[in-house]
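A short write-up of the structure that comes next.
Remember, it's a predicted structure, so these values are computed and weren't measured experimentally. All values below were derived from every heavy atom in this structure, side-chain atoms included, with hydrogens, water molecules and symmetry-related copies excluded.
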Amino acid sequence: MSIMERKTLLLVEDELPLAANEKLQLEQEGYEIVHAASGEAAIGMVDQSGDRFDLVLMDIELGKGMDGAEAAKAILANRDVPIVFLTDHEEPGLIERTGRIASYGYAAKNAGIAILSVSIQNALRRREGERQLIESRNQAKAIFDTMTEGVALNELLYDASGEPVDYRILAVNNSFHSTADYVGDVVVGNVATKLFGMSSDVIRSFWKERMKRKDSSITEMYSSIRGRSFLIATSPLMDNRFLTTFFDITDRKKVEEELQLFHYRFQQVMNTGSIGWWDMNCQTGAVSSHENKARMLGYEPERFSHYSDFTKLLHPDDYEPIMAAMKAHLEGKATRYDVEYRIRAADGEYRWFHDLGGISVYDEAGKPKMVTGIVIEISERKKIQEELRQSRESYRKLFEDHSAVKLIVDPETTAILDANHAAARFYGWTRDELKRMKIDQLNTLPLEEIKKAAREALEGNRVQFEFRHRRADGSIRDVETFSSRIEMEGKSVLHSIVHDVTERKLAEGRVQSLLREKDLILKEVHHRIKNNMTIMATILRWQSEVKENPEAAVILNDAAGRMESMMVLYDKLYRSENMGEVALMDYIASIIDEIIRIFPRQPAVKIETDIGDIRLKTEILSPLGIIINELVTNSMKYAFKNRTEGKITIGISKTGNHVSIVYGDDGPGIPESVSFRNTTGFGLQLVGILVLQIGGSVDIERSGGTRFIIGFDV
C-alpha cells in the first residue's frame, strides 16, 4: 500500500456474495471500498462523489441494465477516473467491447486477491505516472512561458539535397515578443530567412559546423533584429528541432563600440559617484586605489598605501568577517570577495561600504598575485534598511501588542491569517488556535453574508460593520468592526479592528426606552396644559356672557381668544412627531377656524390663504399665533359691520431665512390717525409689541381695505 495510502475504490459488481467477498479481501489489503450493484448506480455515485474515488473496478457483465462497458463510457464522459475491468473468464469479444474505452487494464476475478491487488497497484502507478507527466509538462510550459529571455522552438527546413537552408518557428514564449519586438501571430509559422533576414548560406554553414562537432553543446551566434543586437544560443533537441534563446546584448555591443571612450566615462563615474576602485598586491599587501575611496572617508589619498591602512579603521565587529572572506576567495573557496563593512571616517563616524572584488592576476606558479575590486558607499542604503526594519518591527508591535482586538483575514477563504494578543484575550482562544480558524467560526452571520461584507470592505465601499461574534465559552457579543484592505506578501487582505459594543448596545436600548418614556410624558404634559387652557378659555367665555358689564365681556372674550390661539399651538405640538416644530399652514388654519367659530352671527366671511410649506420653532409660533388671532379678531369685529359677506386674505412665504406675512381684509380700512403706538385698542398695541419680540417689522396699507405686511428672519 505504499503507493495508495488508503485509496478509495468503487467496486461495481452485481453478484452480491461475490461483491461482499471482494470488498472484504480488498479492505484487508488496506483499500476503502464502496460497492455499486449496477452500472446505473455506479454512474450516480461517481457523479455525486466529486473526486472521492481513486479507481473504479468495473465488472463487464452486470446482468440486467447496462453492462460494464456502457457504464464505463458514461462515467468517463463526466469524470477522469481510472477504470480496471473485471472478468471471470476469457472472453473473445472483450477487447472489441472495451478497446475504445480509456481503461487501465483487466483483472480476472477468480485469479485471487494477490493478482487483483497487483492489477490495482499497476493501474494506480500508471495513473500517478500520468499525473506526474502532466505536471512535468505543465511545469516545463510554465518555465518556458515565464523565462525572462525570449525563447523560440524551431524546426529545420531542408532543400532537395538534404541541406539545411532555413528554419520555421513553431512556438515562442511570452518574453519573446518584448525581447525581439515581434507580435506572436507574425512570428509563429514564419521562417528565419523572411523574419530575421538570415541567408540560407549562413544557416547551412552554421548547422554544418554544429554537426561536424557531433555534440549537443550550446552554440552561440550573433544576430541583429530591428536595430538591436542579440546573443542567440541554440540548443538541439531531437530530430530536426532546436531551441533558440535570445539575450538582448544591445547595451553591451554599444559599450564595445565605445571602448575608446571607456576610460573617460569610467573616470567620470568615479569622480561623480560614491564609488571607487582598488588593487591589492597579495604578496606585499601594497594597495593602490582611486582617490574617491579615501575622499569618501574624508582622508587624503596619500594616507593609504597598504591594506593595513584600511583595516585598522574597520569597525571591530567587521574585521574578522572581512579577513575570512578574503582568505576564502584567495584559497578558492569563494568565487569572489564580497563583503559589507563599517569603517571609521575622518569625522569619527562609521560609514557603510560594499566591497566587491576578485583575483585579477596570477603569478607563474598559478598563485594569486593581484586582487582588484570596487568599493561603493552604502551608508544611505543601510540607513533605509534599518528604518525599514524598525518600521516592520513597529508595525508588528503595533499589531500584536495593541490593546484593541485586531484580526488579519483572507477575504477569499475567510481564514484568519493573524490575530493579536488582545484578540486571544477577548475570544478565549490562543493566537495559534485563532490562526487555524475561519472568521465564520466567530461571526454568527451566514457564510454568504460574511463574504459579501468582506467584498464590500475589500473594494472600499464600506469600512464599518456591526456583527455578533461567538467566543470560546459560547457567549455571544455585539461587536463593531472596522475593516480596511492592506497588502501582505503580495496579497490583498483585510485588517479588522474589533470593538466590543455589547454594553453600549444595552445602554442604547435603555436610552431608547427612556426617550420613548420621556416622549410620552412630554405629550401628556402638553395634553394636560391644553386641557387646562381649554378650561380657562371656557371660564373666560362664560364670564363674558355676564350682561352687566359689556366692556368687561369684550376684554374677557379677547383674552379667551388669545388663550385659544395658544391652545391650538399646544394641540399641534401634542400631535406633531417633531415636538420642536409645527407646520405653519395647519397652525394658522386652525387658529382662523377657532376665531370664526366664536362669531356665529357675523356675515359670511370668505377666507383665502396662500401659505407655503413652512415649519417654524415654537418660540416663533407662539407670538405669531397671537398676532394672527388679533388681526383676524379685529377684522371680524370691525371690518364687516352692516355687510352680508366679507373676505380675509392671508399669504405667508419664506425666502432663504426670511418669512413674509401679508394679512388683509376688504373692510373700510383703519383710519390714518390709528397706528401701533397711537391707538386706544390693546389688540393693535399687542401686535406691534409681539412683532418687535420676534425681531420683525410691520407696515399698514389702508387703501382698498386694510393690509398688514409683517417680515422677520428665522
Does the distance from a Lys or Arg side-chain N to an Asp or Glu carboxylate O, for [X] and [Y], drop under 4.0 Å?
{"X": "D713", "Y": "K654", "answer": "no"}
{"X": "E340", "Y": "K382", "answer": "yes"}
{"X": "K451", "Y": "E412", "answer": "no"}
{"X": "E449", "Y": "K452", "answer": "no"}
{"X": "E459", "Y": "R455", "answer": "no"}
{"X": "E27", "Y": "R6", "answer": "no"}
{"X": "K406", "Y": "D418", "answer": "no"}
{"X": "R477", "Y": "D500", "answer": "yes"}
{"X": "R295", "Y": "E377", "answer": "no"}
{"X": "D338", "Y": "R336", "answer": "yes"}

Work out which heavy atom in [X] is nearest to a heavy atom in [Y]; give both atom names and the distance.
{"X": "A419", "Y": "F399", "result": "C-CE2, 3.9 Å"}
{"X": "V172", "Y": "V187", "result": "CG1-CG1, 3.6 Å"}
{"X": "A423", "Y": "L407", "result": "CB-CD2, 3.9 Å"}
{"X": "K7", "Y": "L124", "result": "CG-CD1, 4.0 Å"}

When you measure from the side chain of [X] to the backbone of [Y], do you find a donor-acceptor pair of N or O atoms at a distance under 3.5 Å?
{"X": "S38", "Y": "A41", "result": "yes"}
{"X": "R79", "Y": "D47", "result": "yes"}
{"X": "T413", "Y": "A415", "result": "yes"}
{"X": "H495", "Y": "S484", "result": "no"}
{"X": "S379", "Y": "W352", "result": "yes"}
{"X": "H315", "Y": "D317", "result": "yes"}
{"X": "D478", "Y": "R468", "result": "no"}
{"X": "R462", "Y": "Q464", "result": "yes"}

Gap separating the [atom1] atom of [X] from the [atom2] atom of [Y], nearest 0.5 angstrom:
{"X": "D401", "Y": "N420", "atom1": "CG", "atom2": "CG", "result": "8.5 Å"}
{"X": "Y31", "Y": "K23", "atom1": "OH", "atom2": "NZ", "result": "15.0 Å"}
{"X": "Y350", "Y": "I343", "atom1": "OH", "atom2": "CD1", "result": "9.0 Å"}
{"X": "I75", "Y": "L10", "atom1": "CD1", "atom2": "CG", "result": "6.5 Å"}
{"X": "L314", "Y": "Y319", "atom1": "CG", "atom2": "OH", "result": "8.0 Å"}
{"X": "S496", "Y": "F482", "atom1": "OG", "atom2": "CZ", "result": "11.0 Å"}

Any side-chain heavy-atom pair of [X] and [Y] under 4.5 Å:
{"X": "P82", "Y": "R126", "result": "no"}
{"X": "V56", "Y": "V12", "result": "yes"}
{"X": "I486", "Y": "V493", "result": "yes"}
{"X": "E466", "Y": "T481", "result": "no"}
{"X": "V405", "Y": "I497", "result": "no"}
{"X": "F353", "Y": "V339", "result": "no"}
{"X": "Y337", "Y": "L356", "result": "no"}
{"X": "L442", "Y": "W429", "result": "yes"}

R471 to F426, cation-pi by 6.0 Å centre distance and 45° axis angle: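 Verdict for F426: a cation-pi partner in R471.
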Residues R131, D80; criterion salt bridge (charged side-chain N to carboxylate O under 4.0 Å, His left out); working and verdict: CA-CA 11 Å; R131 186 193 66 77; D80 183 17; over 6 Å; no
Stepwise side-chain contact (heavy atoms from CB on, under 4.5 Å) test for E400 and R431: CA-CA 10 Å; E400 292 182 358; R431 291 183 65 202; 3.7 Å; yes
Side chains of E508 and Q512, donor plus acceptor under 3.5 Å: no
Evaluation steps, side chain to side chain donor-acceptor pair (under 3.5 Å), between D432 and T430: CA-CA 5 Å; D432 289 338; T430 66; 5.4 Å; no
D410: which of I439, L494, L417 passes side-chain contact (heavy atoms from CB on, under 4.5 Å): L417
